[in-house]
Novice: 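Pasting in a structure now, in structure tokens, and then I'll have a few things to ask.
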2 protein chains.
Amino acid sequence: MRARHVRHSSSSRQPFAIKIAPHRALHTMPSMSTVTIKDVARVARVNPATVSKALRGLPGKVSQETRERIEQVARELGYRHNAVAATLRTRRSDLIGVIVPDLGNPLFGPLVQGLERQLREGGWMSVVVQPPEDPSSRRAVITTLAARQVAGLIISSAESDDPMLGAAAEMGIPLVLVNRGLNERRFSCVVNDDRESVMLVLDHLRALGHTRIAHLAGPMSSSTGRGRRQAFEALMSKIPGAQGTVVDASAFTREAGFAAMQSLLARRRARRATAVFAANDLIAVGALDALRQAGLRVPEDISVVGHNDMPLVDMIAPPLTTVRIPLARMSDHAAALLREHLADPSLPPTQRVLTPTLVVRASTAPPLE
Amino acid sequence: MRARHVRHSSSSRQPFAIKIAPHRALHTMPSMSTVTIKDVARVARVNPATVSKALRGLPGKVSQETRERIEQVARELGYRHNAVAATLRTRRSDLIGVIVPDLGNPLFGPLVQGLERQLREGGWMSVVVQPPEDPSSRRAVITTLAARQVAGLIISSAESDDPMLGAAAEMGIPLVLVNRGLNERRFSCVVNDDRESVMLVLDHLRALGHTRIAHLAGPMSSSTGRGRRQAFEALMSKIPGAQGTVVDASAFTREAGFAAMQSLLARRRARRATAVFAANDLIAVGALDALRQAGLRVPEDISVVGHNDMPLVDMIAPPLTTVRIPLARMSDHAAALLREHLADPSLPPTQRVLTPTLVVRASTAPPLE
DNA sequence: TTGTATGCGTTATCAC
DNA sequence: GTGATAACGCATACAA
């Protein structure tokens, strides 16, 4: 159910003596009093059904005159629409579940910002959940959301075997994935073109003269971690004389990036990469931590590239060369796609792949030797 | 209404031939079929009321034996709780409105992260809204939330004359402010001790030898902007020989910080401040932008202090000295306080003031001269 | 254009 | 311990 436009002044609440069903009048505070369409109907001397029609502004259903009278009465009585009752009746709610792994991650703040804004402007409200790790809790998240009759779900950063996906599918809840997709095409999704990302990065590093390049890969359970790694390996293998290395970071975190870089630094210097491409900015920042601790200079001794162009990475030392993903367009597309699914449940799963851009800053330079 | 614990396997849905009200069976997809408490009751040969009691696990109301049978049947039929119907009946919902100005701001991601987590663990779901600027929309946000029967609200960064506050009060919705409070004590709130913040900063700068100190103040319409400025003026006036300056930043943004710093730099150098205390980190980062553009070095030429200790400010150049506010404890307290208000609506407004700490990094140093 | 009647799925209050 | 029944507030098909 969409946003209502029941207008009523705040100042005048029950200015007249009105007959409200006594048992309610007794049990509730005046400010909490529940005025229903029945109450409005009684005072306006019309039928509750008419009030319902009038207040929703259905065109051509109720005369201008009675509509105005009803609106007037509703305002005077301080009538407030009860969307819960309406949802029960219509089986339609204006709630969308927005699922995001971690709002502390600077990537997801802006993402949810865009999603919430788009959804709200379309008349929907966002129920935001950060699911716990354990599988049964994740299932329970969907169950709870379903109990609330959410009309649809937007899930960011899903992993392939996430119990939430199966649960949502079983319950038939329309669903759009954002940021990460899946191997299979079961669900609609809006994702970055990771192959293009890697291409941009490798072209840039090769142009600078790098041939030994390392990739600090994100978790393989995520499409972004997997996709960037696969693209890295595929593209590096095509470059004559290039030598690629992959080190796994255990998570998309600064700490994991630190550890991954340390393990890279433990290798023999002669063969070591002169440039590092991190699967995301947090990993890159962790890598910078490790490099600083090891006494290495960036970009003189080693170049570092991130991914995502998170807020503030232009301010770190050195300003990070990174791949910018179109977050705002991503949320717009995801919200729009979900709306299409809600409007037409038979719509088949759709992919939308957005093109990233490279942002060159000061963390990359030609190799020294 | 709190989280339910209706457990049912996902694999077995309607394994038997079951009589479902035919009009529903015809109109709905199998996977969408709505199994109600009545259906369960019919199959389990008990009364719907008994099913309700059994499934909610009310102690001592239904025998162990029938409870197990009912749970079994519910599982087999694929029964799913309808929280909307329950809310309509009980007038209690497990929805909390979480209102935050801007999820793109790195301060609010972590804040909402904490709030959502706390609320979820208490059995509540968070409806997150970023209200538009115009007053009537802000009222409408509360109206819509109220129509959804939210049990309570958490509002971060409220301004004194915000229409949302009046609306919430009129509708009698329990409310806790977080991050910013108000002058008056109408609402419960959880805030930082801004006077302590300023004290920490000024003690630090004085210890370094600074006497000419500028404050890049945030908007006076916010309690944090106002509070920090007032504390700054009050404390500076007590320091013998100190010379304080205040420049207003028009917003808590990087751009506003840039502009404010520029206007400060336009002043005569001899009298210029040797240290700058920004009302928040974003303003500080904007100030750094302006200083770099002006060719001034930080901290050699001028020291800069921020406020909040946002993510990544330890990585910027130079790593920012700033005041850390206990964001996690703030959200914990806010969620806890709201729960107290929900449990006891007669609870008077309560203030909780949390103590910040200073994080000294590389953006501050003794003045040159 | 307006009114009548009914049900959405659940819980609470009784009675048994 | 279990059953019968009446709300909760609203929207909708249909009749008038």
Side-chain angles (χ1 to χ4, degrees), chain A residues 1-2 4 6 20-21 23-24 27-28 33-42 44-70 74 77 79-94 146-149, chain B residues 1-2 4 6 20-24 27-28 32-42 44-70 74 77 79-94 146-149:
Chain A
M1 173 191 28
R2 322 308 293 275
R4 300 310 159 112
V6 179
I20 303 269
H23 65 280
R24 273 195 272 106
H27 291 184
T28 53
S33 85
T34 298
V35 179
T36 74
I37 54 175
K38 271 187 177 172
D39 299 317
V40 175
R42 197 173 332 111
R45 307 205 169 282
V46 292
N47 192 280
T50 310
V51 176
S52 177
K53 292 165 195 159
L55 256 27
R56 277 178 301 154
L58 300 185
K61 289 285 192 178
V62 56
S63 74
Q64 177 74 5
E65 181 192 337
T66 56
R67 155 172 297 132
E68 281 171 3
R69 188 169 83 252
I70 288 171
L77 299 194
Y79 169 78
R80 293 201 289 267
H81 180 69
N82 185 329
V84 170
T87 293
L88 179 60
R89 177 64 236 245
T90 62
R91 301 165 154 286
R92 266 170 293 142
S93 100
D94 58 358
R148 272 277 151 224
Q149 311 293 96
Chain B
M1 173 193 27
R2 322 308 293 276
R4 299 310 159 112
V6 180
I20 302 269
H23 66 280
R24 273 197 273 107
H27 292 182
T28 53
M32 305 290 292
S33 83
T34 299
V35 179
T36 75
I37 229 172
K38 275 186 176 172
D39 299 318
V40 175
R42 196 170 336 109
R45 307 201 169 287
V46 292
N47 191 278
T50 310
V51 175
S52 176
K53 291 166 196 158
L55 258 26
R56 279 181 297 158
L58 300 185
K61 290 287 191 177
V62 55
S63 75
Q64 177 74 5
E65 182 191 337
T66 57
R67 156 172 299 132
E68 282 172 1
R69 189 169 82 251
I70 288 172
L77 299 195
Y79 168 77
R80 293 201 290 268
H81 180 69
N82 186 328
V84 170
T87 293
L88 177 60
R89 178 62 234 243
T90 62
R91 301 166 154 288
R92 266 171 292 142
S93 99
D94 58 358
R148 272 278 152 222
Q149 310 292 95

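Chain identifiers are assigned alphabetically (A, B, ...) following the order of the sequence lines, protein sequences preceding nucleic acid strands; residue numbering begins at 1 within each chain.
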Novice: Roughly what angle, to 10°, lies between the helix axis at the start of the helix from C/dT1-D/dA16 to C/dC16-D/dG1 and the one at its end, five pairs per end?
Specialist: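 End axes: 30° apart.
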Novice: Could you walk me through whether A/Asp94 and B/Arg148 pass side-chain contact (heavy atoms from CB on, under 4.5 Å), step by step?
Specialist: CA-CA 9 Å; A/Asp94 58 358; B/Arg148 272 278 152 222; 2.8 Å; yes
Novice: For A/Ala41, give me all partners under side-chain contact (heavy atoms from CB on, under 4.5 Å), at least two apart in sequence or on another chain.
Specialist: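 A/Ala41: side-chain contact (heavy atoms from CB on, under 4.5 Å) contacts with A/Val46, A/Pro48, A/Val51.
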Novice: Using whole Å, what does the distance between atom C1' of nucleotide C/dA12 and atom CZ of B/Arg92 come to?
Specialist: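 Whole-Å distance recorded here is 10 Å.
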Novice: When you measure from the side chain of B/Asn47, which nucleotide among D/dG9, C/dT1, D/dT5 comes out closest?
Specialist: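 The answer is D/dT5, which lies nearest to the side chain.
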Novice: Pick base, sugar-phosphate or nothing for B/Ser52, based on heavy-atom distances below 4.0 Å to the nucleic acid.
Specialist: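 It contacts base atoms.
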Novice: Enter the distance from A/Ile37:CD1 to A/Arg42:CZ here, rounded to the nearest 0.5 Å.
Specialist: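 Atom-to-atom, A/Ile37:CD1 and A/Arg42:CZ are 12.0 Å apart.
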Novice: Between B/Pro48 and A/Ala49, name the one whose nearest nucleotide on DNA chain D is closer to the 5' end.
Specialist: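 It is B/Pro48, whose closest nucleotide lies nearer the 5' terminus.
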Novice: Please tell me which of the listed nucleotides, C/dT10, D/dC10, C/dG9, lies nearest to the side chain of B/Ala86?
Specialist: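 Closest of the options to the side chain of B/Ala86: C/dT10.
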Novice: Determine: side-chain N/O of B/Arg91 to OP1/OP2 of C/dA12, distance under 4.0 Å, yes or no.
Specialist: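 Answer no for this pair, as no side-chain N or O of B/Arg91 is under 4.0 Å from OP1 or OP2.
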Novice: Take atom CD1 of B/Ile70 and atom C1' of C/dT11, then tell me their distance rounded to the nearest Å.
Specialist: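 To the nearest whole Å, that distance equals 15 Å.
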Novice: Rounded to the nearest 0.5 Å, how far does CD of A/Glu68 lie from CD of A/Gln64?
Specialist: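 A/Gln64 atom CD to A/Glu68 atom CD measures 4.5 Å (nearest 0.5 Å).
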Novice: Could you go through A/Arg56 and A/Ser52, starting from their C-alpha distance and side-chain angles, then the distance that decides it, and tell me whether this counts as side chain to side chain donor-acceptor pair (under 3.5 Å)?
Specialist: CA-CA 6 Å; A/Arg56 277 178 301 154; A/Ser52 177; 3.2 Å; yes
Novice: Toward the 5' end of DNA chain D, which comes first, B/Thr50 or A/Leu88, by nearest nucleotide?
Specialist: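 Closer to the 5' end of DNA chain D: B/Thr50.
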Novice: Can you tell me if A/Arg80 touches the phosphate of D/dC10, counting only side-chain N or O atoms and a distance under 4.0 Å to OP1 or OP2?
Specialist: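 So the side-chain polar atoms of A/Arg80 never come under 4.0 Å of the phosphate oxygens OP1 or OP2 of D/dC10.
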Novice: Calculate, to the nearest 0.5 Å, the distance between atoms CZ and CG belonging to B/Arg67 and B/Leu55 respectively.
Specialist: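 With rounding to 0.5 Å, CZ (B/Arg67) is 9.5 Å from CG (B/Leu55).
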Novice: Nearest to the side chain of A/Arg56 - C/dT11, D/dT12, C/dT2?
Specialist: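 Nucleotide nearest to A/Arg56's side chain: D/dT12.
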Novice: Nearest whole Å is fine: how far is D/dG9 P from B/Gln149 CD?
Specialist: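 Value for this atom pair: 9 Å.
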Novice: Which is true for A/Lys53 with a 4.0 Å heavy-atom rule: it touches a base, it touches only sugar-phosphate, or it touches nothing?
Specialist: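 Base, at least one base heavy atom under 4.0 Å.
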Novice: Counting only distance, no hydrogens or angles, is the base of D/dA7 paired donor-acceptor with the side chain of B/Arg89 under 3.5 Å?
Specialist: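 Yes, the side chain and the base share a sub-3.5 Å donor-acceptor pair.
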Novice: Between A/Thr90 and C/dC8, is there a contact of a side-chain N or O with OP1 or OP2 at under 4.0 Å?
Specialist: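 Checking A/Thr90 against C/dC8: no side-chain N or O falls below 4.0 Å of OP1 or OP2.
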Novice: Does a side-chain N or O from B/Thr66 land closer than 4.0 Å to OP1 or OP2 of D/dT2, or not?
Specialist: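 So the side-chain polar atoms of B/Thr66 do come within 4.0 Å of the phosphate oxygens OP1 or OP2 of D/dT2, strictly under.
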Novice: Output the rounded distance in Å from CD1 (A/Ile37) to C1' (C/dT6).
Specialist: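 Rounded to whole Å, this separation is 13 Å.
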Novice: Could you tell me the separation between the CZ atom of A/Arg42 and the P atom of D/dC10, rounded to a whole number of Å?
Specialist: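 After rounding, the gap between these two atoms is 13 Å.
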Novice: Report the distance from atom CG of B/Asp39 to atom C1' of C/dG9, rounded to the nearest whole Å.
Specialist: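 Between C1' of C/dG9 and CG of B/Asp39: 10 Å.
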Novice: Separation of B/Leu58 atom CG from D/dG1 atom C1', in whole Å?
Specialist: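 Roughly 13 Å, once rounded to whole Å.
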Novice: Measure the distance from CG on B/Asn82 to P on C/dT11 and round it to the nearest whole Å.
Specialist: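 In whole Å, C/dT11 P and B/Asn82 CG are 9 Å from each other.
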Novice: Does any N or O in the side chain of B/Thr87 come within less than 3.5 Å of the main-chain N or O of B/Arg92, such that one atom is a donor and the other an acceptor?
Specialist: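 Looks like yes, one N/O pair under 3.5 Å.
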Novice: Rounded to the nearest 0.5 Å, what separates atom CG in A/Asn82 from atom OG1 in A/Thr36?
Specialist: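 OG1 of A/Thr36 is found 9.5 Å from CG of A/Asn82.
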